[in-house]
Enquirer: 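Sharing a structure, written as structure tokens. Questions coming.
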Amino acid sequence: MEFGIFVQGYVPAGRSRTDPEAEHHALLEEVDYVVAADRAGFKYAWASEHHFLEEYSHLSANDVFLGYLAHATERIHLGSAIFNPLPQVNHPVKVAERVAMLDHLTRGRFEFGSGRGAGSHEVLGFLPGVTDLDVTREIWEETIAQFPRMWLNDTYPGFEGAHWSLPPRKVLPKPYGPAHPAMWYAAGSPSSYAMAARKGLGVLGFSVQSVSDMEWVVDSYRTAVRDAEPVGAFVNDNVMVTTTAICAETSAKAREAAVRADLGYLHSLLFRYHDTFPRPEGVPRWPERLPEYTPEIIDLLIAEELLICGDPAEVLAQCKRWEAAGADQLAFCLPVGLPREEALTTIRLMGEHVIPALDTDPIHRTTRLRGTATP
């Protein structure tokens, strides 16, 4: 199993009340986290693209963020989680150009994740008058297959669709190296896994809550991917799943950090904005919020495999459960309200004790897949 880190520009109101430059500090700290993850042996760093999601995510211009990290890192693969290719948000040609440019700047370390946005508050900011968010799937499906045509043809033959069009043009630059970057889809619901598999896309699993959820959605993905008709040059048979992780030198320190991280507020914001995600029983609707997590709640979350937390030995055992459930990559949401030094400690301890035990292949899985493709 491979490992990643996920950053999103989380700037909770509590931090802003005590730090007038909270947004600035949060964004630069997340740069530090990715640089630290690169040195610690993580294989992937994923940066979100969100708009209008106050507190939850201020990382809107992730192409700029990733461009900086292309120079600041050496080996870690940098991924868009996501670039939103709906033409009302980002014109598809501009997305294709950014992907290819980042492929050059990273010397082949870029991963292209796409999706349809976080929910109604975000998406309807770009689609005024739309009442049914299902239309975004129609737009995305119309668009996604056009990217390989832009990259692999000397001259893109053009496109006339229901939602956007383009005459024949040379789309430049072309990607670096063989074929094009690996393509992924951000799954906001379990049914999206099989859909992505049929298109030969890897899955960025943001909707999975626990290990038990993972087992059946991975099974649906593996069944569908066997008959994939890839939209790209190769099948990216790959499932990434995100989870919150806190690792400290002792179990007690990790649990104390989890209580102080105010995870209940983060999870309340998640369901405030991601209103297309399945809502677990007991999660209230905003502005009502989940209560502050007590030590007992933290212990319950760990026992229910909804949180990775503990000393290195505990965290390794918890990660092995995700590996057994079929995850190809486990990406950790690390900032989660932690002070900078505690987040960096989690990254360091993962690199020293957890990653070497589970990821023994020095070559990135997507690098191997891309190497078998022919442009």
Side-chain angles (χ1 to χ4, degrees), residues 4-19 22-23 25-27 29-30 33-34 46-60 62 81 118-119 121-122 186 188 204-210 213 241-248 254-302 304-310 315 318 330-347:
I5 179 176
F6 174 75
V7 295
Q8 65 185 60
Y10 177 51
V11 190
R15 180 171 187 174
S16 298
R17 283 193 291 268
T18 59
D19 178 4
E23 182 179 63
H25 292 152
L27 292 171
E29 282 174 9
E30 295 199 345
Y33 298 156
V34 175
W46 299 96
S48 69
E49 177 194 334
H50 286 309
H51 307 276
F52 321 126
L53 306 191
E54 184 181 12
E55 299 185 74
Y56 180 72
S57 175
H58 292 214
L59 185 50
S60 52
N62 61 342
H121 184 80
E122 177 172 81
L204 304 174
F206 297 116
S207 59
V208 169
Q209 299 296 314
S210 67
D213 292 332
V241 65
T242 56
T243 187
T244 299
I246 300 173
C247 188
R255 283 163 168 77
E256 289 168 7
V259 171
R260 287 186 281 102
D262 201 7
L263 293 173
Y265 191 70
L266 172 67
H267 294 159
S268 295
L269 286 169
L270 186 152
F271 288 103
R272 174 189 184 185
Y273 291 120
H274 290 265
D275 54 4
T276 58
F277 279 15
R279 180 183 292 271
E281 184 178 353
V283 175
R285 295 191 178 276
W286 191 270
E288 291 186 57
R289 303 195 297 269
L290 289 163
E292 293 185 6
Y293 288 174
T294 63
E296 292 75 22
I297 292 176
I298 294 299
D299 286 340
L300 179 63
L301 291 173
I302 296 169
E304 295 292 325
E305 299 177 319
L306 293 165
L307 171 67
I308 288 178
C309 181
V315 167
Q318 293 160 8
L330 196 55
F332 300 124
C333 304
L334 288 170
V336 295
L338 291 179
R340 177 178 179 274
E341 290 308 315
E342 291 181 1
L344 291 172
T345 295
T346 290
I347 294 170

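What you are looking at is a predicted structure, and each value in this text was computed from that prediction instead of being measured.
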Enquirer: Hey, does Pro284 have a side-chain heavy atom less than 4.5 Å from the side chain of Leu290?
Expert: yes
Enquirer: Among residues at least two apart in sequence or on other chains, which ones pass side-chain contact (heavy atoms from CB on, under 4.5 Å) with Ala22?
Expert: Val11, Arg15, Ser16, Asp19
Enquirer: Under the rule for ring-ring contact (aromatic ring centres under 6.0 Å, His included), what residues qualify as partners of His121, not counting sequence neighbours?
Expert: Tyr273
Enquirer: Going by the rule side chain to side chain donor-acceptor pair (under 3.5 Å), which residues pair with Gln318 if we only count those two or more places apart in sequence or in a different chain?
Expert: none
Enquirer: To the closest 0.5 Å, what do you measure between OG1 (Thr345) and CG (Leu338)?
Expert: 9.5 Å
Enquirer: Testing the 3.5 Å rule here: is there a donor-acceptor pair between the side chains of His50 and Glu122?
Expert: yes
Enquirer: I'd like to check the side-chain contact (heavy atoms from CB on, under 4.5 Å) partners of Arg340; sequence neighbours left out, ordered by chain and number.
Expert: Glu29, Asp32, Tyr33, Leu344
Enquirer: Supply the atom-to-atom distance Phe6 CZ to Thr244 OG1, rounded to the nearest 0.5 angstrom.
Expert: 10.5 Å
Enquirer: For Arg285, check salt bridge (Lys or Arg N to Asp or Glu O under 4.0 Å) against everything at least two apart and list the hits.
Expert: none
Enquirer: Shortest non-hydrogen contact from Ala118 to Leu53?
Expert: CB-CD1, 3.9 Å
Enquirer: Please report the shortest heavy-atom distance between Tyr10 and Ala26, naming the atom on each side.
Expert: O-CB, 3.8 Å
Enquirer: CG of Leu301 to CD1 of Ile308: how many Å apart, nearest 0.5 Å?
Expert: 12.5 Å
Enquirer: Apply salt bridge (Lys or Arg N to Asp or Glu O under 4.0 Å) to Asp275 and list each qualifying residue two or more places apart in sequence or on a separate chain.
Expert: none
Enquirer: I'd like to check Val259 versus Tyr293 (side-chain heavy atoms, cut-off strictly below 4.5 Å). Are they in contact?
Expert: no
Enquirer: Sequence neighbours excluded, which residues qualify as side chain to side chain donor-acceptor pair (under 3.5 Å) partners of Arg289?
Expert: none
Enquirer: Specify the closest pair of heavy atoms between Ala254 and Cys309, including all atoms of both residues, with the distance to one decimal.
Expert: O-SG, 3.5 Å
Enquirer: Could you tell me which non-hydrogen atom of Ala258 sits nearest to which non-hydrogen atom of Ile246, and how far apart they are?
Expert: CA-CD1, 3.6 Å
Enquirer: Do side-chain atoms of Glu30 reach the backbone of Gly9 as a donor and acceptor pair under 3.5 angstrom?
Expert: yes
Enquirer: Just verifying a value: how many Å separate Gln8 CD and Leu266 CG, rounded to the nearest 0.5 Å?
Expert: 6.5 Å
Enquirer: Using modelled atom types and a 3.5 Å cut-off, is there a donor and acceptor pairing between side-chain atoms of Thr242 and backbone atoms of Ala331?
Expert: no
Enquirer: Roughly how far, to the nearest 0.5 Å, is the CG atom of Leu59 from the NE2 atom of His51?
Expert: 9.5 Å
Enquirer: Distance check, rounded to the nearest 0.5 Å: Ser268 atom OG versus Leu263 atom CG?
Expert: 10.5 Å
Enquirer: Under the side-chain contact (heavy atoms from CB on, under 4.5 Å) rule, collect the residues that match up with Glu292, sequence neighbours excluded.
Expert: Asp262
Enquirer: Go through the structure and list residues passing side chain to side chain donor-acceptor pair (under 3.5 Å) with Glu23, not counting sequence neighbours.
Expert: His58
Enquirer: Does Glu296 offer a backbone N or O that forms a donor-acceptor pair with the side chain of Arg255 under 3.5 Å?
Expert: no
Enquirer: Are any non-hydrogen side-chain atoms of Val315 and Thr346 less than 4.5 angstrom apart?
Expert: no
Enquirer: Please identify each residue that fulfils side chain to side chain donor-acceptor pair (under 3.5 Å) with Thr243, with sequence neighbours left out.
Expert: none
Enquirer: Report the residues that fulfil side-chain contact (heavy atoms from CB on, under 4.5 Å) with Ala186, sequence neighbours left out, ordered by chain and then residue number.
Expert: Ile82, Leu204, Phe206
Enquirer: Looking at residues at least two apart in the chain, or sitting in another chain, which of them share a salt bridge (Lys or Arg N to Asp or Glu O under 4.0 Å) with Glu55?
Expert: none
